[in-house]
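Accompanying notes for the structure given below.
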Amino acid sequence: MAKNKTVESRRPLIAGNWKMNNTISESMRLVNNLTGKVKAAKDRDIVVCAPATALAVVTTALKGKNIQVGAQNIHWEKSGAYTGEISAPMLTELGVKYAIVGHSERRQYFGETCATVNARARAALFAGITPIICVGESLEKREKGSYKLVITGQVKRAMADIKKSDAAKCVIAYEPVWAIGTGKTATFEQAEEVCAHIRGVLTKLYDAKTADAVRILYGGSVKPETIDGLMVKPNVDGALVGGAALKSDDFARIVNFVTPEA
Ligand code: PGA
């Protein structure tokens, strides 16, 4: 099925999440390798979410290139006594355009809750940074069949007090926890089912026009071999890529995805 090409804001988006990988020199090597391999892409957005220590050099290296830079976290206050955190003004000054919010690893290991996810997303929007809000169910909820309920709750709480015009700017990444770093990709149908469900939740929360503008990504063991099939799905607008984003050949192939209608 063809995607809704009339919605300009639903440009496909491929974001690489480097997680806690790459020193400054390793980041530079990866970025230099990538820029040579990624096609000039007028019809898609490409983002690399580097670790905080490398954001300055990566944003400088990618200035004027077709790859944008994202952070992996963002705090809800502008400044203050929040050791280890990073604020929106710190990111905007660097030219960071995106921030991952509520990744399941943050939820699992660092006490991220739906309330803090919401606060971070709102701070990002206020600063003109696009939040990539991650949601996803555990293996247990998947096996019990209650995964849609989990996703509904996570989306509703993440979007609390976010107005329609801001909601349309958000990116939501569906990342089933059981598929992250496990090599177990969700099937294209499973990804589409939940991405469509998320759009349905957004339609109820806002309206169809707003829901139609939100880009919904799939994440979890995305590989060069799976991206083309994934991107054909009408409600999958892109991918959040972990492991494969660390290898320039793999990430370039994912970014250069081809769909039948392209
Ligand atoms: P993965 O990670 O591609 O290594 O599964 C995805 C993510 O955690 O964003």
Side-chain angles (χ1 to χ4, degrees), residues 12-22 26-27 30 34 38 45-52 54-55 58 67-74 96-112 117 120-121 124 129-139 141-142 147 150-151 154-155 158 170-188 190-192 194-195 198 215-231 233 236-257:
L13 165 63
I14 305 289
N17 174 12
W18 293 357
K19 308 192 181 185
M20 196 175 71
N21 294 293
N22 292 332
E26 288 163 346
S27 297
L30 180 52
L34 263 183
V38 168
D45 288 333
I46 307 160
V47 179
V48 290
C49 298
L55 286 173
V58 171
I67 304 177
Q68 292 177 308
V69 182
Q72 297 175 15
N73 196 10
I74 183 169
V96 168
K97 298 280 188 254
Y98 291 80
I100 298 173
V101 167
H103 190 280
S104 63
E105 287 150 16
R106 300 287 319 164
R107 295 180 193 251
Q108 191 180 346
Y109 305 128
F110 302 100
E112 192 81 74
V117 169
R120 291 182 199 279
I129 292 173
T130 302
I132 302 176
I133 301 167
C134 301
V135 298
E137 81 284 359
S138 62
L139 182 60
K141 299 289 187 206
R142 167 62 56 173
Y147 55 97
V150 173
I151 301 297
Q154 289 178 345
V155 171
C170 290
V171 173
I172 297 185
Y174 168 55
E175 297 208 308
V177 176
W178 48 270
I180 295 178
T182 57
K184 256 197 207 173
T185 325
T187 64
F188 303 143
Q190 285 171 324
E192 168 61 17
V194 179
C195 290
I198 292 171
R215 288 184 290 180
I216 304 177
L217 315 182
Y218 167 77
S221 299
V222 172
K223 301 180 196 74
E225 303 80 49
T226 53
I227 190 66
D228 295 349
L230 208 47
M231 292 307 293
K233 292 295 178 191
V236 178
D237 303 314
L240 183 55
V241 186
L246 298 173
K247 297 178 205 131
S248 60
D249 282 334
D250 285 2
F251 191 62
R253 172 61 186 89
I254 290 170
V255 160
N256 296 332
F257 69 86

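Heavy-atom basis, side chains included; hydrogens, waters and symmetry copies ignored. Start at 1 with the first residue, then count along the sequence. Counting starts at 1 for both ligands and their atoms, in listed order.
Within ligand 1, counting atoms from 1 as listed, the ones closer than 4.0 Å to a heavy atom of Gly243 are 1 (P), 3 (O), 4 (O). Close approach of ligand 1 to Gly220 is summarised as follows: ligand atoms under 4.0 Å from at least one heavy atom of the residue are 5 (O). Remark: ligand 1 atoms within the under-4.0 Å shell around heavy atoms of His103 are 7 (C), 8 (O), 9 (O). Numbered from 1 in the order shown, with element, the atoms of ligand 1 that lie under 4.0 Å from a heavy atom of Gly181 read 1 (P), 4 (O), 5 (O). Each of the atoms 9 (O) of ligand 1 lies under 4.0 Å from some heavy atom of Leu240. Against a heavy-atom cut-off of under 4.0 Å, Lys19 is close to the following atoms of ligand 1: 2 (O), 7 (C), 8 (O). Close contacts between ligand 1 and Gly242 involve ligand atoms 1 (P), 2 (O), 3 (O), 4 (O), 6 (C) [criterion: under 4.0 Å to a heavy atom].
Ligand 1 has no N or O atom lying under 3.5 Å from any N or O atom of Gly219, backbone or side chain.
Side-chain contact between Lys233 and Cys195: absent, with no pair of heavy atoms (C-beta onward) separated by less than 4.5 Å. Using a 4.5 Å heavy-atom cutoff, the side chains of Asn73 and Phe110 are not in contact. Looking at heavy atoms from C-beta onward, Tyr174 lies in side-chain contact with Glu137 at the 4.5 angstrom threshold. Between Tyr218 and Thr226 the shortest side-chain heavy-atom distance does not fall below 4.5 Å. In this structure, the side chains of His103 and Gln72 stay at 4.5 Å or more apart for every pair of heavy atoms. Between Lys97 and Thr130, the closest side-chain pair of non-hydrogen atoms is not below 4.5 Å. Inter-residue side-chain proximity for Leu230 and Thr185 is flagged as unmet; no heavy-atom pair is nearer than 4.5 Å. With contacts defined as side-chain heavy-atom distances shorter than 4.5 Å, the pair Val194/Arg142 qualifies.
Only the backbone of Ala179 comes within 4.0 Å of ligand 1, judged by heavy-atom distances. Within the 4.0 Å heavy-atom criterion, the part of Asn17 lying near ligand 1 is the side chain and not the backbone.
Nearest non-hydrogen protein atom to atom 9 (O) of ligand 1 is Glu175 OE2, 2.7 Å.
Close to ligand 1: Ser221, with a non-hydrogen atom less than 4.0 angstrom away.
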